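Have a look at the structure below before the remarks.
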Amino acid sequence: MDNIAIVGVAQTKYAERKKDKTCADLVFDVTRAAMEDAGLALEDVDNVVTVSNDFIDGRTISSMAVGDAAGAHDKNISTVEGDGAFGALYGAMRTLGGFGTTLVVAHAKGSEGDVKFITNGMFEPIYQRLLGLESISSSALQARMYMDRYGLTEEDFARVSVKNHANGKNNPYAHLQLDVTVDDVMNSEKLADPLKKLDCSPVSDGAAAIIIANESHISKAKTKPVWVRGMAHCSDAYLLGDRDLAVPQSLAAASKKAYTMAGINDPMKSIDLVELYDAFSYMEPMWLEGMGFCEAGKGATLLDQGVTAMSGALPVNPSGGVLSSHAMLVAGLARIIESVLQLRGEAGQRQVENAKTALAHGINGACGQAHCVWILGNQKK
Amino acid sequence: MEKWLEHVEPLTFKGQIAVPYTWWAGETGSLFLMGLRDKETIMGCRCNSCGTVYVPPRRTCAQCFTDTGEWVQLGNKGTVQSYTIVRFSHPLQPVEAPFAYAMIQLDGADVSLVHLIKKDLDKLEKGVRVRACFKEKSERKGHILDIDGFEII
Amino acid sequence: MAQKVAIVGTGQTDHKSHRPDVTGQEMIREAVDRALEDCGITIRDIDAIVIGNMDHFESINYVDNWSIEGSGGFMKPIMKVTTGGTTGASVAIAAYYHVASGMFDRVLAIGWEKNSESDTTGAIITCSDPIWDRFSYSGAIPSLATEATAYMKQYGATQEDAARVAVRDRNNALNNPHAHLQRPITLEDVMSSPMLAHPIKLLDVCPRTDGACAVVFAADGEAQRLAKKPAWIHASAVRHTYSWFGDSTDYDAGLVSLARASQEAYKKAGITDPSRELDVAELYLPYTYAGIKWIEDLKFCGRGEGAKFVREGNTNMDGMIPVNPSGGVISTNCIGATALLRVAEASIQVMGKGGKRQLPKVNKALATGFGGCFWSDVMILGAERS
Ligand SMILES: [Zn+2]
C-alpha cells in the first residue's frame, strides 16, 4: 500500500439538540473547518465522500441534502451509509486509487428522529423487528451473555462509564461533561438489564470531517501528517442468534489484518492509545479483547489494573468516547479525529504523552456486527 | 444568525416516512411461518455442508454460502442462552414493559431464536428451560408472534 | 499508483415484477451465484463486497449487515454505498476503488431492489426536502415531465420522437433473457398508452422491478487469469450537484451533470469523438425523452439533434452507436441494481458474452447512471488493458 495521511480534521461540539443548524449547516461548518485546519482551499480538495443514513435523516437519498454543503459542487462524490470510520475507509481507498485529496464528512441529528425506531430498522423484518428489538435491548442481550461467559459484574461495566465520563470532562467537544461515580451508574435508571442509563451513550447532534491526502499532495497541507499505517473492516453473521455475542470475531479478524498492514506484532507494546466505539459501557472491555490487547474475558481486568486510564500504559478513550458523545455515523469518524489530534500533540487537556501510534475504531449494525479498525501513526513506516 | 435565534423558539417541522411495506417471506420462510400457524410446530433447517441447524430457517448457510437442505422439526422447548428484562415501554414493543427478550436455543437447533418472555421474569437466568406458548388457532396468522412468547418450565 | 482494474464476471436475476418466492437476501444470492460462476470462482475467492440499494424501498436499515446470507459477506469486509438512482454506478465505482487502491484483488459489487415490497412513489417523494419540496414538487415523474416539456418547446421535438426510444429499447429487450418486460411494442402502443403527466405516457417510463445484479472486479494479473477477455475500467466520473429540485430548472443547459461527468471520463479515456469511438452505450434512461435529449449531453450529436439522430437509426443495434442492447431501464428497473446493470451490460458486450444481444465488435463501451436530482455517473470500459 502507498503512503497516505490525514492532513485535516474538524468536528462540531456534540450536543443534545442543535436548534440553529440544519444537517447541511453542520456539514458546511466542519467541511470549512477541516480545510482551514489543513490550510487547503476548496479547489485543493479533489473529491468528496459523504456519510449519511436515510433512516436517521428521515428522507430517501439523504446524501442529496449535504453534497453541496460538503463542497462537492462539480466534483466527484460518493456516499457511504454506515459509520464514519467506514466512510473514511472508502475515502482512503479513493485516495490510494487515484485522487490526490479526499474529504470525508459525516453528520447526524439524533434529536430529529426516534433512535428506537431507527435502530429497530436494523433487525430482520419478518422474525425480529416485530418483537420491538432496538439498540438498547439487543445490546443488553450481548452484555448479559458476556457477563455470564466470564463472570463479570455490572460494576465492571459501571467503572468504564466512570472512567470515560471523567475523560470527557477534558474534551471541549464532548456532549456530556459529567462527574459520575460507580454508585451513580448503578443507581441510574434501569433500561434493559443489565444496562442502566449511565451505561448507555447519549443521543447527540454533530458532524465531523477529515481530509486524506496521498504522498504527493501531503506537502500542500500545513499540518503534521498523520499516516495511515493500517486499516481493515469485517462483518459477522446477521441474526443475533447465529452469533456468539460474547466473542467479537469480526473485530478480531479486522484487527489482525490492520496490525499486519502496520507491521504490528504485539499491539499492547506498539499502540499508545485507543479510541474505540463504546456505545455502551460493556463494549469497551469486549472490544479490547477483540483487538487482542488481552485474553478473552480479561478486558475488565485491564481497567482494574489502571492500564486503560489516562496515566496507564494504554489510555482508552481519552476523549470520553462514545459514552460522552454519540452522534450516530459521526462517532467512528470522531474516533479517527481524536486519534489524529493525539498524534499531532494537539489534544489539549486530554493529550496522551508521547503518543506515536493510535488505534481508532468504528462499528456497524447490531451489537457490533461489523467493525472497522484504523492504525494511525505520526511517523512514516 | 444564532444571536436572534436565541430569543425565540426555533421552528420545527414534523413528518414521518409513511410508506407501507410488504415483505415476502419466500419459499423457505413461508413454510416456517405456516408451521407456526397451522401445526404449532417450529421448523428449522440443516446445512448440508456444515450440519448447522438454523432457526428461523433460511435458504443459505451464511458460513458455507451453500443451500441448506433438509427440514428439521425442532422441539417447542429450549434453553435460555441470554436474556434482558426491558424496563421501558415504547410503541415498537408488542407488550408493556417489564417483559424480557431471550435468546433461546430450541432443542435440536444450533443457533438461538430471539423471542419474548412475559412472566416469571425473576426466575430468568442462563440455562433456564422454556417452552413456546402459541396463540389460539383463530388468532394465528403465519407470523412470528403466533408464538405468543415463551414460558419458564 | 492506482492498480489497473477489470470486470471479469457478472450475474443477474431473471428480473420480474415481484418475487414472492424469495426474500431480499435470497434474491441477492441468485445474482451473486451467477456472477461467481461466470468467472469460475467461489465466494472464498472474494476479498471484499460493496452493496447498495435505497433504504426506504424495502425499509432495511444497514443493508450491508442484513445482506450477509445473500451477499456472502460472512467474516468478510463489506460496506454499503448508496446515492439514489445512481446507486448501482456508485457501487461499481466503489468496487473499482477497492481494487485500484491495492487493498483487494477480487471485489464483488452488488445492487438490488425489491420494489414490490413497498410503494415506490411513496418512498421516492421522501427524497425531497421535508420542509420545502416534499409537498409541492416531488417524485420522479413531475420533475422529468418538466424537463421534457422544456426540451420539446426549445427544439420542436415531438411525443413520437420520444416514443421511438421506447420502441427501440423494448424490442432490444426481446434479445435479453433477463429483461423484465419482454413484449414487443410499436410506436402506436406508446402513443396510445395512458397519459401520466404531460407529455409522459405509461410506455415512456420505466417499470418497477424486483431484481439484483452482481459484478466481480479484479486486479491486473488476476483479471487476465479469471476472464478470457476482461472488461478494463478506463475511466469513471460522477457529478451529484443539485440539492434542491428548483436548482435544476435551467433545462436549456441540458443535463449538466451528465455533460460534465462524461467530458471528464472521455478525457481520462482519451475519447474525442464519442459516437464514433464508442462501440456501445448502456444508458440509464428512466424515461424516453432522456433518450433523445441526454445523448446530446453525451456529445453523440449536436444540441437539438437528438431526435433526428435516433430517428435516423444511429442508436439501433446496427447503427453508429448502439444504445441499450439489453433493453435498458425502460425494460428493467430494479432501482439499486439499475445503474450496476448498465455497467454489467457494458462489460458483457466487451467480454463478448451477450448472446443474442451481443454486438459484433466491442472495443469501448459506455455505461451511465442517473438519479438523485439530476445526477449522473459515467463509466467507460474497454477491451484494451488500461
Ligand atoms: Zn453450513
Side-chain angles (χ1 to χ4, degrees), chain A residues 1-2 24 53-56 58-69 72-82 86-87 89-90 92-98 118-126 231-239 249-250 253-254 257 364-366 369-370 372, chain C residues 1-3 23 25 48 52 54-69 73-85 90 93-94 96-103 123-130 134 236-243 260 264 371-373 375:
Chain A
M1 195 179 89
D2 292 343
N53 175 295
D54 293 1
F55 280 77
I56 295 173
R59 64 189 288 178
T60 280
I61 329 180
S62 50
S63 55
M64 223 163 93
V66 295
D68 287 6
H73 180 81
D74 209 20
K75 281 182 185 161
N76 280 281
I77 181 172
S78 192
T79 300
V80 170
E81 189 174 291
F86 292 78
L89 189 65
Y90 182 33
M93 289 175 193
R94 287 164 74 96
T95 314
L96 287 164
I118 292 166
T119 57
N120 178 251
M122 296 189 297
F123 292 94
E124 207 288 328
I126 298 169
M231 47 186 178
H233 62 310
C234 186
S235 176
D236 203 340
Y238 174 57
L239 291 182
Q249 60 169 344
S250 56
K257 195 171 158 197
N364 260 349
Q369 183 187 329
C372 186
Chain C
M1 265 309 283
Q3 171 81 261
T23 63
Q25 295 108 317
M54 283 169 72
D55 294 10
H56 293 309
F57 287 167
E58 297 83 8
S59 191
I60 310 287
N61 199 357
Y62 293 97
V63 153
D64 45 345
N65 298 132
W66 162 90
S67 73
I68 299 298
E69 278 160 30
F74 176 70
M75 289 304 285
K76 285 189 195 298
I78 180 164
M79 70 164 70
K80 176 176 181 190
V81 169
T82 179
T83 58
S90 294
I93 293 169
Y96 164 79
Y97 281 113
H98 271 61
V99 180
S101 67
M103 289 176 67
I124 195 75
I125 62 166
T126 71
C127 80
S128 307
D129 185 278
R134 199 170 292 179
S236 69
V238 321
R239 289 295 182 278
H240 297 178
T241 289
Y242 307 110
S243 287
R260 291 181 179 171
E264 181 186 327
C373 41
W375 289 350

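A, B, ... follow the sequence lines: proteins, then strands. Residue 1 opens every chain. This is a predicted model, so every value here is computed, not measured.
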Counting C-beta onward and ignoring hydrogens, is there a side-chain heavy-atom pair between [X] and [Y] closer than 4.5 Å?
X: A:Thr79; Y: C:Ser90; value: no
X: A:Met64; Y: C:Trp375; value: yes
X: A:Phe55; Y: C:His56; value: yes
X: C:Ile60; Y: A:Pro125; value: yes
X: A:Ser235; Y: C:Asp64; value: no
X: C:Arg239; Y: A:Ile77; value: no
X: C:Lys80; Y: A:Val80; value: no
X: A:His73; Y: C:His240; value: no

> So which of A:Lys257, A:Lys75, A:Met93 has the biggest tally of heavy-atom pairs under 4.5 Å with chain C?
Replying inline: A:Met93

> Taking every heavy-atom pair that is under 4.5 Å apart, which of A:Asp236, A:Leu89, A:Thr119 has the most such pairs with chain C?
Replying inline: A:Asp236

> Under a 4.5 Å heavy-atom cut-off, does chain C meet the side chain of A:Ala237, its backbone, both or neither?
Replying inline: both

> Between A:Asp74 and chain C, which part of the residue has a heavy atom less than 4.5 Å away: side chain, backbone, both or neither?
Replying inline: both

>> Under a 4.5 Å cutoff for heavy-atom pairs, which residue among C:Gly102, C:Ser59, C:Gly85 has the most contacts with chain A?
In response: C:Ser59

>> Taking every non-hydrogen pair under 4.5 Å, which of C:Ala237, C:Ala100, C:Ala94 racks up the most with chain A?
In response: C:Ala94

>> Would the distance check show the side chain of C:Asn61 and the main-chain N or O of A:Ile118 forming a donor-acceptor pair, the cut-off being under 3.5 Å?
In response: yes

>> Check whether A:Glu81 reaches the backbone of C:Val81 with its side chain - one donor and one acceptor, N or O, closer than 3.5 Å.
In response: no

> Considering all heavy atoms of both residues, which atom of C:Met79 and which atom of A:Phe86 are nearest to each other, and what is their separation?
Replying inline: CE-O, 3.6 Å

>> So, using side chain to side chain donor-acceptor pair (under 3.5 Å) as the criterion, who are the partners of A:Asn120 when residues are at least two apart?
In response: none

[X] side, atom [atom1]; [Y] side, atom [atom2] - distance, nearest 0.5 Å:
X: A:Arg94; Y: C:Tyr96; atom1: CZ; atom2: OH; answer: 11.0 Å
X: C:Met103; Y: A:His233; atom1: CE; atom2: NE2; answer: 7.5 Å
X: A:Ile56; Y: C:Asp55; atom1: CD1; atom2: CG; answer: 9.5 Å
X: A:Met122; Y: C:Trp66; atom1: CE; atom2: CH2; answer: 15.5 Å
X: C:Ile93; Y: A:Asn76; atom1: CD1; atom2: CG; answer: 7.5 Å
X: C:Ile78; Y: A:Cys234; atom1: CD1; atom2: SG; answer: 10.5 Å

> Where does C:Arg260 contact chain A at under 4.5 Å (heavy atoms): side chain, backbone, both or neither?
Replying inline: side chain

> For C:Glu264, is it the side chain, the backbone, both, or neither that has a heavy atom closer than 4.5 Å to a heavy atom of chain A?
Replying inline: side chain

> Step by step, would you call C:Met54 with A:Thr60 a side-chain contact (heavy atoms from CB on, under 4.5 Å)?
Replying inline: CA-CA 7 Å; C:Met54 283 169 72; A:Thr60 280; 3.4 Å; yes

